Peer 1: 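Below you will find the structure I want to go over with you.
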Number of protein chains: 2
Amino acid sequence: MKNHQITIIDIAHTLNLSKSTVSRALTGHPNVKVKTRERVLELAAELDYQRNQLAISLLTNRTQTIGIMVPEFLSSFFPKVIIGAQDVLAKAGYNVVICHSNESYETEIINTKLLLASRVDGILVSHTKETRNFEHFKTVDRKGIPVVFFNRIVDEMSVSKVAVDDYEGAYQAVEHLIKTGKRRIAHLSGPDSLQNSRSRLNGYRDALTNHQIPIDPALIISYDLTLDKANIYVNHLLNLPQPPDALFAINDPTAIEALKVIKSRGLRIPEDIAIVGFSDDPISALIEPGLTTVSQPVDEIGREAARLLLNQLAADDERPEPELVVLPTRLIIRGSTVTGENPTGFADQTSLPSF
Amino acid sequence: MKNHQITIIDIAHTLNLSKSTVSRALTGHPNVKVKTRERVLELAAELDYQRNQLAISLLTNRTQTIGIMVPEFLSSFFPKVIIGAQDVLAKAGYNVVICHSNESYETEIINTKLLLASRVDGILVSHTKETRNFEHFKTVDRKGIPVVFFNRIVDEMSVSKVAVDDYEGAYQAVEHLIKTGKRRIAHLSGPDSLQNSRSRLNGYRDALTNHQIPIDPALIISYDLTLDKANIYVNHLLNLPQPPDALFAINDPTAIEALKVIKSRGLRIPEDIAIVGFSDDPISALIEPGLTTVSQPVDEIGREAARLLLNQLAADDERPEPELVVLPTRLIIRGSTVTGENPTGFADQTSLPSF
DNA sequence: CATGATTTTGGGAATGTTCCCAAAAATATA
DNA sequence: TATATTTTTGGGAACATTCCCAAAATCATG
């Protein structure tokens, strides 16, 4: 008696109807007498009846729920992606369950099983930096539940993916530094396990090579994206016998950490050392100097990933062809690489041409 | 046939057992022959069996899932709260579904129904700025599903709540401005619908009154928290015949927007006009000058809210007494109110005494 | 080798809903 | 009024699982 939720049968009993009729009335089935439907709807509203989605999902084997798993939650990137995806999915009648793996491989596996147990209809994933074995995602795929990767994508799985043109973004960033006269350009790279980290490194390399600048391995540091380590590595770079005159960082938080270190050592930005980040975090336009960065269409990444997932769900045939979407990046030039006009990022910088 | 998930019955058939025995083996019931249990577990692992949580939830009427609804997602505040809550809830064996109402009353109602339909065991809420009617939450409460409010709390409902001491935080912030010699202190306040907005306004008022500074209604502007409007109101304040010499903003994004406007008009901060925010957003330590702000224990708000919810869920008796937790705030002094040492926020400022 | 005790297994109900098919009621037609 | 047709309603099965109770199998004891 206590804590009993109103069911279709409760309504049926009080109205002297069968559960079938009540069900029909509530779902809008045509074969119900108008008067009956009214009585049912009225009582349902009065009792605050809420259909039990669990029972329906059990019956139909579809939960109308999508799981989104992200490795972290504190930078603005993933929340924005989630908002974009959620918007598209909600319009298609899907709910969203958000998991965060906290950059932990173990947690990622647990979350995957959880999503599987709660029978989500599909999963959007950006995997952790620790993930090198993708067996848990392959299991999901094998069960016929579509998986779409975004941002951090996986070469070895044949599923839909959304990425930005990391290579091109990095290439343009480094080329920009070269054109401002920099020659010893360091790269604070991400872990080798991340595909986008590798692509950005390749873009960095090729930009240098194509401009006849030798690659100095001492200037390339790959790290695990924890900011305290970034601090250490930046200091290390600055202490080199031949310190760099520019730094291309894997992402904006890293670049901002570098900027703090460099300022605290009394070096001038960009004269002594220029900095470029990646992602155009909102914070990057507010700090001083404004951070030059490679912006990516964050919201659109989420929307596109959701669309690809819906494509997989909508398809009638067994297993539709996976799609790969690569979105463009755009270099945003601010005071951390160029002096003069707009040294702070405070004024909005919508479309400065890369010179 | 296609897309069929492995069930307990599939396992039972292949092993010539009954579903009961398989169920017992999988759930760790003692009355199963060791050999049998081994056979079952082996086959389950081989087939990637995942228990169907839907069926269990339907049976037990408990989903082990908590819904968290927040009004927005882009500032760092709510993601941090969610992480805190999720940590506590996960350790207690609960899953988390995150909804964001996007500051829309309509969306909030839809989300509430959705959470009800998916039979969450409890709900953590920070309501939208539009919400003035709480009937949808009262319905949840009436159904015996515990609701806990955090950050934006509701006086008219007798449920557990977590807040910070908004009054005291605001009082200290304004008192700090007065002690630095400011006299015309403006307040860019939030909408009257939010309890914390009202408390901060009261703190502001009382601080002025207790220091024999008359309250000038022209210096108090209540707005809807959309940043473009903040821009307009700050300009309005600066254009007054007697412009303010300090500004206390309802939150850090508002304060930062104000800071941008003030800097772009060539005024000096804090000499011409000092600024104080609320929340200590990570960005506030990075901008120039660093933003003086009232910090709140964001992570702890989430953890505490989760704990209060677990208290409600754990209780055996009908309806345990609701609890109210008020967490302390702390004034963080940076360059936007004080010149001299540490004018930028770049160095970490852990415990500067308020003088 | 019976008999009783214990361990192990199987069968059915229950959870809340939808859908199909049949039954009943209402309506139309002769 | 009787029959045919349509509209409306009711009764089950199905979904995957757990739990209770009974049945079967195993074991121990005299």
Side-chain angles (χ1 to χ4, degrees), chain A residues 1-41 43-44 47-65 113 116-121 143, chain B residues 1-41 43-44 47-65 113 116-121 143:
Chain A
M1 201 75 246
K2 61 162 188 174
N3 223 2
H4 165 81
Q5 312 290 0
I6 303 293
T7 78
I8 220 175
I9 298 184
D10 297 324
I11 295 178
H13 281 166
T14 34
L15 294 180
N16 265 318
L17 289 168
S18 71
K19 56 180 168 46
S20 313
T21 305
V22 175
S23 170
R24 272 187 294 258
L26 289 170
T27 53
H29 197 280
N31 283 6
V32 185
K33 198 159 58 168
V34 178
K35 184 70 193 155
T36 309
R37 160 164 298 127
E38 279 171 5
R39 287 201 299 152
V40 170
L41 292 181
L43 185 61
L47 297 178
D48 282 321
Y49 167 79
Q50 281 293 333
R51 67 212 295 257
N52 189 333
Q53 188 58 47
L54 295 171
I56 301 170
S57 295
L58 182 59
L59 198 60
T60 59
N61 203 25
R62 316 188 79 240
T63 53
Q64 295 294 113
T65 301
K113 290 194 173 159
L116 233 34
S118 56
R119 294 295 194 266
V120 292
D121 293 342
K143 284 177 184 287
Chain B
M1 201 77 249
K2 61 162 186 171
N3 223 5
H4 166 79
Q5 312 290 1
I6 304 292
T7 77
I8 218 173
I9 299 184
D10 297 324
I11 295 178
H13 280 167
T14 34
L15 294 181
N16 264 319
L17 289 167
S18 72
K19 56 182 169 39
S20 313
T21 305
V22 175
S23 171
R24 270 186 294 259
L26 289 170
T27 52
H29 197 281
N31 284 4
V32 185
K33 197 158 59 168
V34 178
K35 184 69 195 157
T36 309
R37 161 165 297 129
E38 278 170 5
R39 287 201 301 152
V40 171
L41 291 182
L43 185 61
L47 297 178
D48 281 321
Y49 167 80
Q50 281 294 333
R51 69 212 293 253
N52 189 334
Q53 188 58 48
L54 295 171
I56 300 170
S57 294
L58 182 58
L59 198 60
T60 59
N61 203 26
R62 315 188 81 239
T63 53
Q64 295 293 111
T65 301
K113 290 196 172 159
L116 235 32
S118 56
R119 293 295 192 269
V120 292
D121 293 342
K143 284 176 185 286

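Since the structure is predicted, the reported quantities are computational estimates derived from the model, not experimental observations. In what follows, chains carry the letters A, B, and so on, assigned in the order in which the sequence lines appear, proteins first and then strands, with residues in each chain numbered from 1. Hydrogens, waters and symmetry mates are skipped; everything else that's a heavy atom, side chains included, is used.
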Peer 1: Step by step, work out the side chain to side chain contact (heavy atoms under 4.5 Å, CB included) result for A/Asn52 and B/Leu58.
Peer 2: CA-CA 9 Å; A/Asn52 189 333; B/Leu58 182 58; 3.9 Å; yes
Peer 1: Extract, from 5' to 3' on DNA chain D, the first and final nucleotides lying under 4.0 angstrom from some heavy atom of chain A.
Peer 2: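 In short, chain A contacts DNA chain D from D/dT8 to D/dA16.
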Peer 1: If you look at every heavy atom in B/Val32 and B/Ala25, which pair is closest and at what distance?
Peer 2: CG2-N, 3.9 Å
Peer 1: Which side-chain hydrogen bond (donor to acceptor under 3.5 Å, both in side chains) pairs, counting each pair once, include a residue from residues 20-35 of chain B, with sequence neighbours left out?
Peer 2: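 Residue pairs passing side-chain hydrogen bond (donor to acceptor under 3.5 Å, both in side chains), neighbours aside: B/Ser18-B/Thr21.
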Peer 1: Select base, sugar-phosphate, or nothing to describe what B/Thr27 touches, counting heavy atoms under 4.0 Å on all strands.
Peer 2: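 Sugar-phosphate contact only - B/Thr27 comes under 4.0 Å of backbone atoms but never of a base.
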Peer 1: List the residues meeting side chain to side chain donor-acceptor pair (under 3.5 Å) with A/Thr63, not counting sequence neighbours, and say none if there are none.
Peer 2: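 In terms of side chain to side chain donor-acceptor pair (under 3.5 Å), with neighbours along the sequence ignored, A/Thr63 is linked to A/Asp121.
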Peer 1: Between A/His29 (NE2) and C/dT17 (P), how many Å, whole number?
Peer 2: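 So the NE2-P distance, A/His29 to C/dT17, works out to 17 Å.
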Peer 1: In degrees rounded to 10°, what angle is found between the helical axes fit to the five outermost pairs at each end of the helix from C/dC1-D/dG30 to C/dA30-D/dT1?
Peer 2: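 That helix has its two terminal axes inclined by roughly 50°.
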Peer 1: Have a look at B/Ile56 and say if it touches a base, only the backbone sugar-phosphate, or nothing, with a 4.0 Å heavy-atom cut-off.
Peer 2: sugar-phosphate
Peer 1: Let me know the distance between NE2 of A/His13 and P of C/dG16, rounded to the nearest Å.
Peer 2: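 The distance from NE2 of A/His13 to P of C/dG16 comes to 12 Å, rounded to the nearest Å.
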Peer 1: Expected output is a numbered-order residue list: members of residues 31-39 of chain B with a heavy atom under 4.0 Å from any atom of DNA chain C. What is it?
Peer 2: B/Asn31, B/Val32, B/Lys33, B/Thr36
Peer 1: Which residue, B/Ala55 or B/Leu17, contacts DNA chain C at a nucleotide closer to its 5' end, judged by nearest heavy atom?
Peer 2: B/Leu17
Peer 1: Tell me if a side-chain donor or acceptor on A/Lys143 pairs with a main-chain N or O of B/Asp48 at a distance below 3.5 Å.
Peer 2: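 A pair under 3.5 Å: yes.
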Peer 1: Run the side chain to side chain contact (heavy atoms under 4.5 Å, CB included) test on B/Leu47 and B/Asp10 for me, step by step, so that the C-alpha distance in whole Å, both residues' side-chain angles and the decisive distance to 0.1 Å come before the verdict.
Peer 2: CA-CA 10 Å; B/Leu47 297 178; B/Asp10 297 324; 5.6 Å; no
Peer 1: Could you state the interatomic distance from CG (B/Asn61) to CG (A/Leu54), rounded to the nearest 0.5 Å?
Peer 2: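 It comes to 8.5 Å.
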Peer 1: Which comes earlier along DNA chain C counting from the 5' end, the contact point of B/Lys19 or that of A/Arg51, where each point is its nearest nucleotide?
Peer 2: B/Lys19
Peer 1: Once side chain to side chain donor-acceptor pair (under 3.5 Å) is applied, do any residues pair with A/Gln50, and if so which ones, sequence neighbours excluded?
Peer 2: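 Counting only residues at least two positions away or on another chain, A/Gln50 forms no side chain to side chain donor-acceptor pair (under 3.5 Å).
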Peer 1: Working to the nearest 0.5 angstrom, can you tell me the gap between B/Thr36 OG1 and B/Glu38 CD?
Peer 2: 9.0 Å
Peer 1: Where do B/Tyr49 and B/Leu26 come nearest, in terms of heavy atoms and distance?
Peer 2: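 Heavy atoms of B/Tyr49 and B/Leu26 come nearest at CE2-CD1, 3.6 Å.
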Peer 1: Over how many whole Å does the gap from A/Ile6 atom CD1 to C/dT15 atom P extend?
Peer 2: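 Going from CD1 in A/Ile6 over to P in C/dT15 covers 15 Å.
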Peer 1: Nearest whole angstrom, please: distance from the P of C/dT18 to the CG of B/Leu58.
Peer 2: 12 Å
Peer 1: Rounded to the nearest angstrom, tell me the gap between atom CG in A/Leu26 and atom C1' in C/dG16.
Peer 2: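 Nearest whole value for this atom pair: 12 Å.
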Peer 1: Can you name the nearest heavy-atom pair linking B/Ala12 to B/Lys19, along with the distance?
Peer 2: CB-N, 3.8 Å
Peer 1: Is there a side-chain contact between A/Arg39 and A/Leu17 in this structure, where contact means two heavy atoms from C-beta onward sitting under 4.5 Å apart?
Peer 2: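 Heavy-atom side-chain distance check passes, below 4.5 Å.
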Peer 1: May I ask you to say what A/Leu54 touches in the nucleic acid, namely base, sugar-phosphate or nothing, with a heavy-atom cut-off under 4.0 Å?
Peer 2: nothing
Peer 1: Using a cut-off of 4.0 Å on non-hydrogen atoms, how would the nucleic acid contact of A/Asp10 be classed: base, sugar-phosphate, or nothing?
Peer 2: nothing
Peer 1: Classify the nucleic acid contact of A/Thr7 as base, sugar-phosphate or nothing, counting any heavy atom under 4.0 Å across all strands shown.
Peer 2: sugar-phosphate
